[in-house]
Amino acid sequence: MFRYYLSLGFRSLRRNPVLTALMVLTLSVGVAASITTLTILHAMSGNPLPHKNEQLLVPLLDNLPADNGNDDGEPPEQLTFMDAMKLWEQKAASRQTPLYGLSPAIDSGRADLPPFFTEGVAIGRDFFAMFEAPFLYGDAWSAEEDARAAKVAVISRSLADRLFDSGSNPVGKTVRISDNDFSIVGVLDSWNPVPKVYRLIGSERFDTSEDVFVPIRTAVALEFDRNGSMDCSSEPPAPGFQGYLQSECNWVQYWAELDAASSRSRYADYLLAYVNEQKALGRFVRPPNNRLYNVGEWLDSRGVVDDDTRTSTWLSFAFLLVCLVNTVGLLLAKFSARPGEIGVRRALGATRADVFRQYLTEAAVIGVVGALIGLVLTWSALAYIRSLDASLALVTRLDGTMLVTAVAVSIAASLLAGLLPTWRACQVVPALQLKSQ
Amino acid sequence: MEVRPILSAMLRNKTAPLLIAAQVALTLAIICNALYIIRDRLSTAARPTGADETNLFEIRFYPHRPIADIRGMQIRDLEALRAIPGVRSVAWVNQIPLGQSSWNIGGLTTEPGKRDSNIQATYYFSGGSLIDTFGLRLIEGRDFQSSEVVESDPRKERAEPQVMIITRALAELLFPGAASVVGKSFYLGGSDDAKPVRIVGVVERLQSPSAPAGARAELSMIAPITYLDGYTRYAVRAEPGQRERVMAEAEKALLALSNDRVLLGKGGFDELRARRYSGERIMAGLLIAVTGFLLLITASGIVGIASLWVNQRRKQIGVRRALGGRRVDILRYFVTENAIITTAGVLVGLSLALALNHVLVGAIELPRLPLIYLGLGALVMWLLGLLAVSGPAWRAAQVSPAIATRSV
């Protein structure tokens, strides 16, 4: 019987074409608006490492001077180079890495490819395992290469394709990075965590991953300039790059990975002990004010999802509500135009429940058609947003979850809108209708 | 007025009028807030930077291998740029309005040793004249003299400027109520060795590279510093109408001078503005689309329901016409009916708009809705209702009195 109702529903689309078109349009525009904003919100508020949420931690230490103006009670958002390197050397967690952004120059030496700049990060070898970067060729450099500041690099697949024959394995080849020859030890496959959780500071939140990864000691030894933000609470003790290495300027990010979530408090104790040890040396003049964030807390504290995204999601669902009310009105108009038909069906033995099922099915058919048009509209809206702001490319992709959500929202909306008109259709008294004909 | 029969007819069939009223209320609540956010974002995106935006462009280079003689490179570059016909003024600059990456200095204070000042300003510097090159309007004092320019090499000792030019907004924040600030001094931070900086000029307006929403955007200061860094950014002001040609020639001239560097980018303020405010524009565009569709959908809902009523009442309309009712009476009936429903919706919608605004103020940093937007929204809804019902009402008025004599 359901299939019969379904075919009736589709046939009924052709009846009152203007009214039907209005309904389908209303529903599809409402669905498109809400799914577009929801897609962006969903991608922005995602956690790319949910299974490591409790294990990956960001420590922050408060090295500000005692009488700091503009005080909100929070420690700086990055570490000093000194502290990051000391924590890294002490290896209190099972994995750890310091990190700072670079903009290395790549010189292929080829006439057809002039030198160009790209994005890079200076890190420790644990970085790749911590953030589960997928290797296409080769592997991370060794701890020994980290320690002796070897000129080794891991590059992205897209950079490898640009520099070498695509498809060939460039491991072992040399690439000239900012006027120094580096040996390639690994190539990363396309890898874009959304948001780019490991570098929320000094980089676009929804940017693609970097092209060049080099050991931090190598980058510092070659004085590779920082590409990112830096906060100085006091002047560096010396000018130039060396001054920044010895300064109380905060410009290095740091991540630690623990074995089990239970040892988080032990890591916090370790940080406190470290700060107290440094206090004895005359640093960290303020009372201990450490912070330790896991992945989810770090994403929250950095405000990855902006207010505009939240507002537009709110507004688009309010918009959907108006569309819903409008559909109720239009369905009411459509259904109430045919009491005679209902009267005949009821007189021939259909129960109220039968009529209810038939008309609700008809409402659902409108939902299905609305969903299809709504998806096309959603897809175009996302493409339009991408064309306006390329940095949103990674968060404006329609995935399977969102496809299903769109269809579900549309059908649910049409069923909800259909409830009242259907109930009214069921109230038709067959005798009255038959008499008046 | 025939309000009583209309009301009693509505009370007998409440569902449809309630639906229309609800739709009007929701639409009003959303469009009031949406219009306000649209205006807020678009006016933020349209603020002037204070520079001569139509004729100015920037061109940026970064060396891919170390450059030995940076001072010589800057001198040669500036000479080459000045030699291009149609160039009015050129300067090396550390940053540009709307360029988004900026140097800022916090803790600015007029009292030596005051460490808890929260005044922060963006820090422009150049060895040339930003007043000439950016085309800023000097409202007090003078431009820098060449003897005041200091040279700073970041790899060696850092040189401190003695004098600065600041914006009016910064002057008002540092010296509230002062009639004149030229000759006065302030300090870049509260440390004990901070030296005073003397103000020699005040410009009307100069936006910061990040241009945040609100008054903070115009807290800027300019120092006379020749900065010897490998990163070079030149601001070039062309004669009116010659910007595109000068920009193309500037790129060619500079690339011909040295192959140790890579062109990072060039562009005028139209591009800088579009990049800086892309978020604001997307938001405004989305809201304009939502508002437009909402009005369209609400209007279509009113048309749909009103047409239904007209169809249902054809016989009654015919009877009334046969009993002497004029066309204008029929027209007036439907218009009044719609006005009553819309008014009810508007009344509920106004309080809904305030409630939605309350939620938005709590959830995001949005100022409270000015009452003018409520009035504007209500007016739009009344006009929309009138417009939407006019079609069906006119068709109702065309119903022939003869229909009363026909049995259905």
Side-chain angles (χ1 to χ4, degrees), chain A residues 18-19 22-23 25-26 29-30 33 36-37 65 67-71 103 105-107 114-117 178-179 225 234-236 239-241 306-308 310-312 314-316 318-319 321-323 325-330 332-334 336-337 381 384-385 388-392 420 424 436, chain B residues 15-16 19-20 22-23 26-27 29-30 33-34 37 41 62-66 106-107 114-118 120 153-158 190-191 259 262 264 278-283 285-287 289-290 293-294 297-298 300-301 303-305 307-308 311-312 356 359-360 363-366 408:
Chain A
V18 178
L19 218 55
L22 272 179
M23 261 188 281
L25 196 72
T26 304
V29 169
T36 303
T37 50
D67 52 355
N68 180 53
N70 209 357
D71 198 347
S103 51
I106 306 292
D107 189 351
F116 60 91
F117 285 95
S178 296
D179 225 28
D225 274 335
S234 59
E235 281 284 305
F241 194 84
D306 54 28
D307 282 349
D308 276 0
R310 260 189 267 269
T311 318
S312 35
W314 273 90
L315 280 174
S316 63
F319 178 56
L321 188 64
V322 177
C323 294
V325 176
N326 194 51
T327 313
V328 175
L330 294 172
L332 208 58
K334 185 165 180 172
S336 62
Y384 179 64
I385 292 173
L388 283 180
D389 188 348
S391 71
L392 293 178
L420 179 72
R424 294 272 294 249
S436 73
Chain B
T15 321
L19 279 174
I20 296 283
Q23 207 176 330
L26 284 169
T27 306
I30 296 173
N33 285 284
I37 299 175
R41 296 304 146 94
Y62 198 74
H64 60 85
R65 46 178 161 249
K114 184 178 181 330
R115 286 169 187 250
D116 57 351
S117 163
N118 57 10
Q120 178 178 315
D153 186 341
R155 294 160 300 177
K156 299 187 192 129
E157 205 54 54
R158 182 174 293 187
S191 66
N259 57 4
V262 177
L264 291 183
S278 70
E280 277 81 359
R281 283 179 191 192
I282 289 177
M283 183 72 180
L286 193 77
L287 290 178
V290 164
F293 273 117
L294 262 181
I297 280 167
T298 305
S300 80
V303 171
I305 298 279
S307 308
L308 175 79
N311 288 341
Q312 281 178 340
L356 180 61
V359 172
L360 289 176
I364 65 168
E365 282 176 32
L366 187 77
V408 186

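In what follows, chains carry the letters A, B, and so on, assigned in the order in which the sequence lines appear, proteins first and then strands, with residues in each chain numbered from 1. Fair warning: this is a prediction, and the values are worked out from it, not measured in the lab. Only this structure's heavy atoms are used, side chains among them; waters, hydrogens and symmetry mates stay out.
- Highest contact tally toward chain A, considering only Gly279(B), Pro154(B), Ser307(B), is held by Pro154(B) [criterion: heavy-atom pairs under 4.5 Å].
- Counting heavy atoms from C-beta outward, Leu388(A) and Arg281(B) have side chains that stay 4.5 Å or more apart.
- For chain B, the nearby part of Leu420(A) is the side chain; its heavy atoms alone come within less than 4.5 Å.
- Contact of Ile20(B) with chain A is not made at all, since no heavy-atom distance falls under 4.5 Å.
- Taking Leu321(A), Leu315(A), Val325(A) one by one and counting their heavy-atom pairs under 4.5 Å with chain B, the maximum is reached by Val325(A).
- Of the atoms belonging to Leu294(B), heavy atoms from both backbone and side chain fall under 4.5 Å from chain A.
- Closest approach of Pro66(B) and Asp179(A) over heavy atoms only: CD-OD2, 3.4 Å.
- Between Phe293(B) and Phe319(A), the ring-plane angle classifies as tilted under the 30° and 60° cut-offs.
- Interface remark: of the candidates Arg65(B), Gln312(B), Met283(B), Lys156(B), Met283(B) forms the most heavy-atom pairs closer than 4.5 Å to chain A.
- Ranked by non-hydrogen atom pairs under 4.5 Å with chain B, the options Gly30(A), Ser312(A), Ala33(A), Ala390(A) are led by Ser312(A).
- Contacts of Thr37(A) with chain B are made by side-chain atoms alone, with heavy-atom separations under 4.5 Å and no backbone atom involved.
- The heavy-atom pair separating Ser300(B) from Asn326(A) by the smallest distance is OG-ND2, 3.7 Å.
- We find the CG-OG1 distance between Leu286(B) and Thr36(A) to be 7.5 Å, quoted to the nearest 0.5 Å.
- Leu19(B) touches chain A through backbone and side chain together, each having a heavy atom under 4.5 Å away.
- Contact of Asp225(A) with chain B is made through the side chain alone, with heavy-atom distances under 4.5 Å.
- With a threshold of 4.5 angstrom between heavy atoms, Ile297(B) approaches chain A through its backbone and through its side chain.
- For the set Asn33(B), Ile282(B), Thr27(B), Ile305(B), the count of heavy-atom pairs under 4.5 angstrom toward chain A peaks at Ile282(B).
- Interface remark: Val322(A) contributes backbone and side-chain atoms alike to the contact with chain B (heavy atom separation under 4.5 Å).
- Counting heavy-atom pairs closer than 4.5 Å to chain B, the top residue among Ala333(A), Ala381(A), Cys323(A) is Ala333(A).
- Residue Ile106(A) does not touch chain B at all, counting heavy-atom pairs closer than 4.5 Å.
- The environment of CZ in Phe241(A) is crowded: more than 12 heavy-atom neighbours from other residues, nucleotides or ligands sit within 6.0 Å.
- At a 4.5 Å heavy-atom cutoff, the contact between Leu22(A) and chain B is made by side-chain atoms alone.
- Your options are Gly329(A), Pro115(A), Ser178(A), and the one with the most heavy-atom pairs under 4.5 Å with chain B is Pro115(A).
- Within the 4.5 angstrom heavy-atom criterion, only side-chain atoms of Asp107(A), from C-beta onward, approach chain B.
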